[in-house]
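Report on the structure given below.
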2 protein chains.
Amino acid sequence: MSVSTVPLITNHLLQLLSSKDRHILLQYCDVVQLQFADILCEPNQRYRYLYFPLSGFISLVTKLAGHKPLEMGLIGNEGMLGVTLALGMTTAPMQAVVQGKGTAWRIDVADLQQFLLLCPQLQHVLQQYLFVQLAQLSQSAACAHFHELSPRLARWLLMSHDRAHSSRFYLTHQFLADMLGVRRSGVTVAAGIMQQQQFISYSRGMISILDRQALQNVACECYQAGLDEYLSVLGQPRTEDDIKQLLQQSVP
Amino acid sequence: MSVSTVPLITNHLLQLLSSKDRHILLQYCDVVQLQFADILCEPNQRYRYLYFPLSGFISLVTKLAGHKPLEMGLIGNEGMLGVTLALGMTTAPMQAVVQGKGTAWRIDVADLQQFLLLCPQLQHVLQQYLFVQLAQLSQSAACAHFHELSPRLARWLLMSHDRAHSSRFYLTHQFLADMLGVRRSGVTVAAGIMQQQQFISYSRGMISILDRQALQNVACECYQAGLDEYLSVLGQPRTEDDIKQLLQQSVP
DNA sequence: CAGCGTCTGTGCGCTAAGGCACTCATTGCC
DNA sequence: GGCAATGAGTGCCTTAGCGCACAGACGCTG
């Protein structure tokens with residue numbers, strides 16, 4: 001319960017609470033490390049904990065028997081894992097896998113349930129976020145069906161970049177292939193082209209984003225649509241740049 | 001406000017309310033006819049009305065620029081259109097199109113909002129249903145991505161059959177193609193095979209289900225998964241057979 | 001430094017589905 | 001009865017992505 005050392009990167013949903021509410025809530029939270037490929041919940045099973053990511057980020061994936069996984073959404077410090085608790089459900093609708101290692105606030109199911117009853121504001125924020133997830137989910141569904149690999153890959157890299165708060169992060173072709181529901185070698189080819197064009201570079205899983213703008217041009221419109229949807233409901237989340245700016249302002 | 005003439009087929013979500021609550025709610029409702037291909041709401045726009053289908057049913061679809069629509073879910077008398085109101089949102093996340101003509105209870109947004117505040121039971125039911133939709137949505141997403149046309153078509157016919165409360169209903173190949181996000185001629189071929197095998201028969205849009213069991217064998221597991229998900233959260237919805245049985249019991 | 005596991009590159013044949021473009025049949029309407 | 005609209009059947013060529021398989025490349029560990 002290390003409330004004293006609030007990490008640099010904050011969780012945007014928590015930022016939307018009053019500072020009093022936030023402090024109460026954080027008393028029930030622990031800061032934990034999210035390890036790459038950790039599985040945080042399984043479909044139709046009770047959540048063990050809920051997570052408000054700070055620097056780490058989490059994939060929501062659906063699996064069908066006999067197929068690769070397919071990624072339905074990405075949760076970074078703009079969101080939370082376990083938002084269906086706002087529906088009174090303590091079971092998870094999908095599997096959640098850590099995609100980007102880092103830190104998160106973690107809270108017990110029962111604690112959050114109890115706090116939800118006392119804090120209509122949090123209830124409201126979670127409901128809004130759930131609505132956004134719903135919209136993004138249907139967007140991703142159509143995207144996976146109609147759009148081709150390269151635009152989808154670019155979209156995914158951008159979404160990861162946003163949540164990694166760094167232009168270097170760990171993601172193997174195999175992992176990306178699972179997220180996108182395609183062959184690993186398909187990703188290798190598409191990523192290879194992007195590397196040739198100097199949009200990204202990578203080696204043994206470490207990906208560097210070299211040219212964000214170029215990636216945005218390649219990505220399908222679903223990337224922007226996801227941002228817009230979030231923005232229109234929940235407002236502007238803090239970006240890496242915002243944080244730097246805040247720091248600079250407080251230095252002199 | 002024709003509360004007096006409650007239609008034969010009831011809405012399962014409303015059945016889960018106390019009869020007192022249900023009667024209060026229905027005072028705010030009108031019975032309306034849903035006409036084939038009517039559009040009931042558009043994404044990111046305010047709902048005009050919310051609907052509890054009785055004999056008609058409604059498709060939720062996502063559209064991406066430059067592509068066919070893609071169907072995300074089907075709402076019959078086991079559900080409702082506009083469940084995101086339980087999140088306090090009065091805008092629709094997707095487009096809704098009438099797929100099967102028939103009747104529905106219709107209610108004004110403001111009326112339902114107000115009633116929701118007075119009736120925690122309804123709030124709870126809608127939240128549960130929303131959870132089910134979320135799970136079904138991710139299932140459909142993966143299904144559309146991985147499964148082939150024939151199983152998906154069979155699934156869709158079964159889902160429609162369940163909600164049409166009749167083994168004959170109107171659905172053109174073109175409409176099905178739009179739902180499944182594929183070419184019309186692809187549907188013609190797949191449906192043609194099913195017709196040859198005597199699973200279904202059709203002519204100029206009127207489809208007859210001849211052999212449900214055979215369709216279930218062809219359909220992907222997503223059909224059953226959808227049923228199971230609903231069942232596990234909200235219990236057994238009334239089927240056509242249940243209703244017949246109820247009638248027979250009350251006759252002697 | 002040898003060895004193994006992980007990550008990436010590449011190639012080949014295959015197939016479901018797409019795009020496009022007709023024809024044909026049924027139905028309703030003027 | 002003739003005409004237009006809608007629904008359905010068919011064919012042909014193209015293509016993105018799959019399954020499978022193997023080879024190189026890097027990096028950790030003993």
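In what follows, chains carry the letters A, B, and so on, assigned in the order in which the sequence lines appear, proteins first and then strands, with residues in each chain numbered from 1. If you're wondering where the values come from, they're calculated on a predicted model, not measured in any experiment.
Here dG11(D) is the nucleotide among dG11(D), dC18(D), dG7(D) with the atom lying nearest to any side-chain atom of R183(B). Among dA16(D), dA21(D), dT10(D), the nucleotide with an atom closest to any side-chain atom of R184(B) is dT10(D). Taking the side chain of R204(B) as heavy atoms from C-beta on, and the options dT10(D), dA8(D), dT6(D), the nearest nucleotide is dT6(D).
Taking the six-membered ring for Trp and thresholds of 30 and 60 degrees, F36(A) and F175(A) have ring planes inclined between 30 and 60 degrees apart.
Mapping heavy-atom proximity under 4.0 Å, the span of DNA chain C touched by chain B runs 5' to 3' from dA16(C) to dT27(C).
Among the protein residues, G205(A) comes within range of the sugar-phosphate backbone only, with heavy atoms under 4.0 Å from sugar or phosphate atoms but none that close to a base. Nucleic acid contact for Y170(B): sugar-phosphate only, since backbone atoms but no base atoms lie under 4.0 Å from a heavy atom of the residue. As judged by a 4.0 angstrom heavy-atom cut-off over every strand, T172(B) is placed among residues touching the sugar-phosphate backbone only.
Atom CE of M206(A) and atom C1' of dC28(D) are 17 Å apart (whole Å). Spacing between atom CG of L153(B) and atom P of dA8(D) amounts to 12 Å, rounded to whole angstrom units. The distance between atom CD of Q174(B) and atom P of dA8(D), rounded to the nearest whole Å, is 10 Å. Between the NZ atom of K68(A) and the P atom of dC20(D) there is a distance of 10 Å, given to the nearest Å. dA16(D) atom P lies 17 Å from atom CG of L180(A), rounded to whole Å. What separates CZ of F146(B) from P of dG17(D) is a distance of 13 Å, to the nearest Å. Spacing between atom CG of L70(A) and atom P of dG17(D) amounts to 14 Å, rounded to whole angstrom units. In this structure, E148(A) places its CD atom 15 Å from C1' of dC18(D), rounding to the nearest Å.
In terms of heavy atoms, P93(A) sits closest to Y47(A) at CD-OH, 3.5 Å. Residues L64(A) and Q139(B) approach most closely at CD2-NE2, 3.6 Å, considering heavy atoms.
With ring centers used as reference points, Y223(A) lies 6.0 Å or more from H161(A).
No donor-acceptor pair under 3.5 Å is formed between the side chain of H147(B) and the backbone N or O of C220(B).
Note on D178(A) versus K63(A): no salt bridge recorded, every NZ/NE/NH1/NH2 to OD/OE distance being 4.0 Å or above.
The residue among S185(A) and H145(A) whose nearest nucleotide of DNA chain C is located toward the 5' end is S185(A).
At a cut-off of 3.5 Å, with distance as the only test, no side-chain donor of S55(B) or H165(B) sits close to an acceptor on the other residue.
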